[in-house]
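Some notes on the structure that comes next.
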There are 2 protein chains.
Amino acid sequence: MPTSSSPRIQHPGLAQKIMSAAEAAALIPAGANIGMSGFTGAGYPKQVPQALAARIEAEHAAGRPFQVNVWTGASTAPELDGALAKVNGIHQRLPFQSDPICRDKINAGEVHYLDIHLSHVAQHAWFGFLGPMQVAVVEVLGILPDGRLIPSAAVGNNKTWLEIADKVILEVNSLPPIEMEGMHDIYYGTAIPPRRQPIHLTQATERIGEPYLRVDPSKVIAVVQTHQRDRDTAFAKPDAVSNQIAAHIIDFLAHEVKVGRLPKNMLPLQSGVGNVANAVLTGLLDGPFDELLGFTEVLQDGMLELIKRGKMTAASATAISLSSEALKDFNEHIAFYRDRIVLRPQEISNHPELVRRLGVIAMNAMIEADIYGNINSTHVMGSAMMNGIGGSGDYARNGYLSFFVTPSVAKGGKVSCIVPMVSHVDHTEHDTQIIVTEQGLADLRGLSPRQRAQVIIDKCAHPDFRPLLQDYFDRARSKGAQHTPHILGEALSWHERCLATGSMLP
Amino acid sequence: MPTSSSPRIQHPGLAQKIMSAAEAAALIPAGANIGMSGFTGAGYPKQVPQALAARIEAEHAAGRPFQVNVWTGASTAPELDGALAKVNGIHQRLPFQSDPICRDKINAGEVHYLDIHLSHVAQHAWFGFLGPMQVAVVEVLGILPDGRLIPSAAVGNNKTWLEIADKVILEVNSLPPIEMEGMHDIYYGTAIPPRRQPIHLTQATERIGEPYLRVDPSKVIAVVQTHQRDRDTAFAKPDAVSNQIAAHIIDFLAHEVKVGRLPKNMLPLQSGVGNVANAVLTGLLDGPFDELLGFTEVLQDGMLELIKRGKMTAASATAISLSSEALKDFNEHIAFYRDRIVLRPQEISNHPELVRRLGVIAMNAMIEADIYGNINSTHVMGSAMMNGIGGSGDYARNGYLSFFVTPSVAKGGKVSCIVPMVSHVDHTEHDTQIIVTEQGLADLRGLSPRQRAQVIIDKCAHPDFRPLLQDYFDRARSKGAQHTPHILGEALSWHERCLATGSMLP
């Protein structure tokens with residue numbers, strides 16, 4: 001019989017490894033590559049990272065160097081990235097993060113940040129491109145008698161971390177409802193080339209795996225009990241700008257259905273994170289589409305509401321990241337949602353093979369676009385990392401339709417989000433189909449660079465910047481090569497001006 | 001009994017449609033979207049485009065406007081792109097071309113050029129994103145009694161063009177050996193989402209389709225007989241620079257095998273076009289690897305030689321593009337090569353699903369790289385189109401390993417191919433793994449942008465430019481945000497200087 005102190009830890013051997021977070025953190029060696037759970041503020045370990053931060057702080061106070069490399073699914077929360085960055089505990093961070101303290105350290109040159117397509121991470125770890133992983137720290141909701149694990153609100157790279165790590169620390173979180181058991185679909189059919197096989201998923205919310213994570217119990221060196229909720233991922237109420245962006249997209253999609261380029265229930269939707277993306281989903285609540293499907297990386301309030309209201313039949317994601325209010329609804333109606341949501345490893349949720357096969361409609365936010373359709377999703381003024389590319393490239397390159405959305409201006413109108421040349425490229429002109437701001441929608445399909453430029457200027461630029469962009473484009477067309485007309489000495493001058501004066505306006 | 005005038009045209013109905021190229025060209029309406037065969041100077045129609053050019057010239061002389069939109073597999077030859085561009089007959093061109101006359105028209109702003117990932121073209125046409133296709137002009141090697149077609153030296157997008165075009169003109173070329181029959185593998189299992197299924201190809205040269213192209217005979221409006229060879233795609237004999245690049249790559253691959261990150265016969269090889277790529281393949285002739293496989297878009301002299309010499313077991317491609325000398329060998333030993341080469345539609349040869357599953361080792365040429373690993377494959381000094389992205393993005397993003405190669409300098413040493421910031425981005429920092437010049441090899445896996453910069457400067461830059469790059473990087477690190485340190489006012493100054501003086505040297 002298990003001697004567990006918690007009904008959520010039913011494996012006798014693992015129950016014997018229950019210890020405090022501080023005791024567990026003491027088992028992590030300096031310099032370790034640590035695979036942590038966590039995706040968009042969901043399913044991250046809540047206690048061990050903070051205990052590790054305390055230990056690092058003490059080591060530093062004693063004059064001893066101590067840093068670790070932190071690999072996750074995607075972003076986490078103050079208890080993980082914030083706590084470790086604050087004590088200068090992170091040497092290398094991958095593949096995505098959004099913590100303000102960690103961001104400051106990255107932009108101060110104190111953390112080496114690797115900004116990686118989210119579908120690439122697990123395979124690069126398996127290929128050995130990132131080095132060995134000494135420890136995995138993974139949050140789960142429970143341990144079955146046979147040692148299998150009930151995943152948490154984010155699957156992320158947990159399957160891979162549990163497989164490749166030398167040692168494993170489990171955090172068993174007793175707060176999320178145990179009724180989430182059965183919601184996950186962990187695919188164990190992956191392999192390394194040349195032994196890879198087709199992934200037999202042909203419908204967005206089909207199940208192709210099993211509901212539990214596997215771990216070799218002999219690798220588990222600690223089990224830590226927690227009872228703590230995920231980060232409150234609150235959204236701003238959609239404002240006029242967001243609503244206009246949503247309206248442009250919905251009009252466009254309705255038109256595509258009308259002309260027969262989309263089925264009437266469309267194709268599976270992917271939505272990036274943030275207020276604008278959330279507003280687009282909210283806009284679909286009153287849109288003309290029914291029986292929608294989701295195939296996305298993170299399921300947030302907007303998509304949950306679509307499911308709740310019956311507009312969306314079901315959704316596939318790798319994480320659920322909700323506001324307090326939506327989480328309350330989720331927990332109260334867990335049986336309803338469990339039947340309509342599938343959580344997968346991110347190598348599956350973001351897999352190019354599947355995104356292309358399913359024909360996903362991708363909608364992602366950006367920092368800026370240039371007049372030729374190149375997209376900057378990550379860098380402020382060319383050098384400062386904002387968050388990271390996340391899964392946007394996985395979906396934009398392989399989807400059926402790809403939208404990039406942003407308000408036309410930022411910083412109270414002083415910064416144009418449509419510029420002559422982007423200061424960093426995350427998505428090239430070859431991958432961009434549709435750009436949307438509150439001003440309008442530019443459909444770039446079938447257009448050459450010069451045609452694209454005129455459409456983007458006309459449809460997407462803010463009136464304060466539109467004449468300036470037109471002037472740049474006209475002058476660029478007056479001399480030099482004309483495939484992608486540019487004036488190189490001016491191409492980045494808007495950003496230079498902004499760095500000098502805080503405004504792109506002349 | 002067929003009444004054909006040629007043993008290669010065995011379908012009686014189609015034999016009745018034999019006419020001259022001029023008669024066939026007269027059937028093409030002004031403004032048509034024309035899908036033509038042709039991929040890297042192979043398998044393009046030889047006579048109808050020239051007849052069409054003559055007709056366009058006559059129309060223009062009579063004061064009547066006449067242009068067409070030309071969609072192909074990839075590049076063609078003077079008889080197609082050259083002839084039509086010369087008479088100002090091309091309004092829009094996609095998805096790739098390399099003809100000097102056509103390039104001049106593109107860069108003069110007289111042709112709208114759409115530079116598209118080669119794996120995207122067929123599906124975008126099917127989705128209706130490019131508009132309707134009025135006519136397809138496709139070279140084949142023969143017509144079977146039941147109307148099925150023996151494909152030519154390039155499959156490209158021919159399957160799709162034959163399916164979606166309203167009308168079809170066939171050029172039956174009697175010069176290439178009829179024994180190529182059986183070499184092709186045309187996959188008819190594709191569909192549009194939401195009806196797409198997995199593509200069941202798990203080994204590079206496996207056959208999953210049928211050897212013939214299908215066409216509805218009632219759509220065929222003309223059959224034109226030709227007897228003419230493909231463009232002579234000659235290669236420069238590998239020089240010292242190319243040999244050094246090849247040696248760096250082979251050393252690296254041998255090391256990857258040694259440490260267990262590659263099987264000893266490696267993984268399927270993809271090689272881009274051009275002298276450097278060809279030199280790398282030539283280098284493998286004396287390399288330590290055996291039982292190689294190819295999974296590439298165009299099979300050129302270097303890969304043919306690997307097959308001939310028994311170093312490569314078999315190869316998959318969408319086209320065979322050879323020098324005169326190699327073509328002679330190919331024709332003389334057609335039975336040998338037919339058993340070892342599979343030619344597929346380019347949507348299959350370049351398919352992200354397959355490239356990722358097979359774990360392709362991608363090797364592509366580039367124009368320039370910047371110190372952070374962004375790659376420019378297409379634009380000279382930011383505005384002038386060279387050729388196009390081709391399939392490099394399909395392979396680089398999805399492959400197991402991805403190399404980008406270039407000599408460290410161009411224009412007799414006046415232009416550095418490693419620059420502070422590329423003037424156009426085709427492959428982002430997220431997609432670049434390994435950069436190689438004759439100076440050395442930069443392995444960027446697992447590195448942050450600042451780490452990458454130092455490795456690229458140290459390993460890849462030419463000594464004439466290395467101190468200048470180091471100076472830029474050092475000064476960029478002295479102020480501003482430090483994730484991707486840049487000095488925006490200087491980032492493109494090397495290109496500006498080159499445009500002004502013909503040299504990047506100060």
Side-chain angles (χ1 to χ4, degrees), chain A residues 92 106-109 112-117 127-131 193-194 196-200 202 261 263 267 352-353 356-359 374 379 382-385 389 393 397-398 400 423-426 428 430 445-446 448 450-451 477 480-486 488-489 491-492 495-496 499, chain B residues 92 106-109 112-117 127-131 193-194 196-200 202 261 263 267 352-353 356-359 374 379 382-385 389 393 397-398 400 423-426 428 430 445-446 448 450-451 477 480-486 488-489 491-492 495-496 499:
Chain A
Q92 180 205 60
I106 290 166
N107 289 325
H112 286 290
Y113 181 46
L114 279 62
D115 180 19
I116 306 178
H117 296 298
F127 296 165
F129 294 176
L130 304 174
R196 278 189 174 154
Q197 296 294 317
I199 300 171
H200 286 274
T202 57
R261 282 193 293 258
L267 288 164
E353 173 174 340
R356 179 156 163 156
R357 183 181 305 149
L358 296 171
N374 299 288
H379 282 63
S383 290
M385 172 54 59
I389 190 168
R397 168 75 66 88
N398 300 297
Y400 183 89
S423 59
H424 185 269
V425 177
D426 293 291
T428 72
H430 315 282
R445 295 174 299 171
S448 71
R450 293 189 306 282
Q451 293 170 319
R477 278 193 297 181
Q482 293 297 303
H483 178 64
T484 306
H486 264 308
L488 291 185
L492 298 172
H495 301 87
E496 286 178 75
L499 282 170
Chain B
Q92 180 205 60
I106 290 166
N107 288 325
H112 286 290
Y113 182 45
L114 279 62
D115 180 18
I116 305 178
H117 296 298
F127 295 165
F129 293 176
L130 304 174
R196 278 189 173 152
Q197 295 294 318
I199 300 171
H200 285 273
T202 57
R261 283 193 292 257
L267 287 164
E353 173 174 339
R356 179 156 162 155
R357 182 182 304 149
L358 296 171
N374 299 287
H379 283 63
S383 289
M385 171 54 59
I389 190 169
R397 168 75 65 89
N398 299 296
Y400 183 89
S423 59
H424 185 267
V425 177
D426 293 292
T428 72
H430 315 283
R445 295 174 299 171
S448 71
R450 293 190 306 282
Q451 292 170 320
R477 278 193 298 181
Q482 293 296 303
H483 178 63
T484 305
H486 264 308
L488 291 185
L492 297 172
H495 300 86
E496 286 178 73
L499 283 170

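Throughout, protein chains are lettered first and strands after them, A, B, ... in sequence-line order, and every chain is numbered starting at 1.
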Chain B contacts, top residue of [options] (heavy-atom pairs, under 4.5 Å):
options: A/Arg261, A/Gln92, A/His495; value: A/Arg261
options: A/Val425, A/Leu130, A/Leu114; value: A/Leu114
options: A/Ile199, A/Ile116, A/Ile106, A/Asn107; value: A/Asn107
options: A/Ser423, A/Gly446, A/Gly382, A/Pro194; value: A/Gly446

Select one option (side chain, backbone, both, neither) describing which atoms of [X] are under 4.5 Å from chain A's heavy atoms.
X: B/Leu499; result: side chain
X: B/Arg357; result: both
X: B/Leu267; result: side chain

If you look at every heavy atom in [X] and [Y], which pair is closest and at what distance?
X: A/Pro198; Y: B/Thr202; result: CD-CG2, 3.6 Å
X: A/Asp426; Y: B/Thr428; result: O-CG2, 3.4 Å
X: B/Ala108; Y: A/Gln482; result: C-CB, 3.8 Å

Separation between CZ (A/Arg196) and CD (B/Glu353), nearest 0.5 Å, reads 11.5 Å
So, the part of A/Pro263 with a heavy atom under 4.5 Å from chain B: the answer is side chain
So, the part of A/Leu488 with a heavy atom under 4.5 Å from chain B: the answer is both
Contacts of A/His117 meeting ring pair (Phe, Tyr, Trp, His ring centres under 6.0 Å) (sequence neighbours excluded), chain-then-number -> A/His120, B/His430
The ring pair (Phe, Tyr, Trp, His ring centres under 6.0 Å) partners of A/Tyr113 (sequence neighbours excluded) come to B/His483
Assert top hit (heavy-atom pairs under 4.5 Å, partner chain A, pool B/Ala384, B/Gly480, B/Ala481) equals B/Ala481
Answer key: most heavy-atom pairs under 4.5 Å with chain A among B/Gln451, B/Arg477, B/His424 is B/Gln451
message: Using 30° and 60° as the class boundaries, would you call the ring planes of A/Phe129 and B/Tyr400 parallel, tilted or perpendicular?
response: perpendicular
Between [X] and [Y] (side chain of the first, backbone of the second, donor and acceptor by atom type, cut-off under 3.5 Å), is there such a pair?
X: A/Ser383; Y: B/His486; value: yes
X: A/Arg397; Y: B/Gly393; value: yes
X: A/Arg356; Y: B/Pro352; value: no

For residues A/His379 and B/Thr484, is any side-chain donor paired with an opposing acceptor at under 3.5 Å? yes
Under the criterion side chain to side chain contact (heavy atoms under 4.5 Å, CB included), I'd like the reasoning laid out for A/Leu492 against B/Leu492: C-alpha separation, chi angles, the key distance, then a yes or no. CA-CA 9 Å; A/Leu492 298 172; B/Leu492 297 172; 3.9 Å; yes
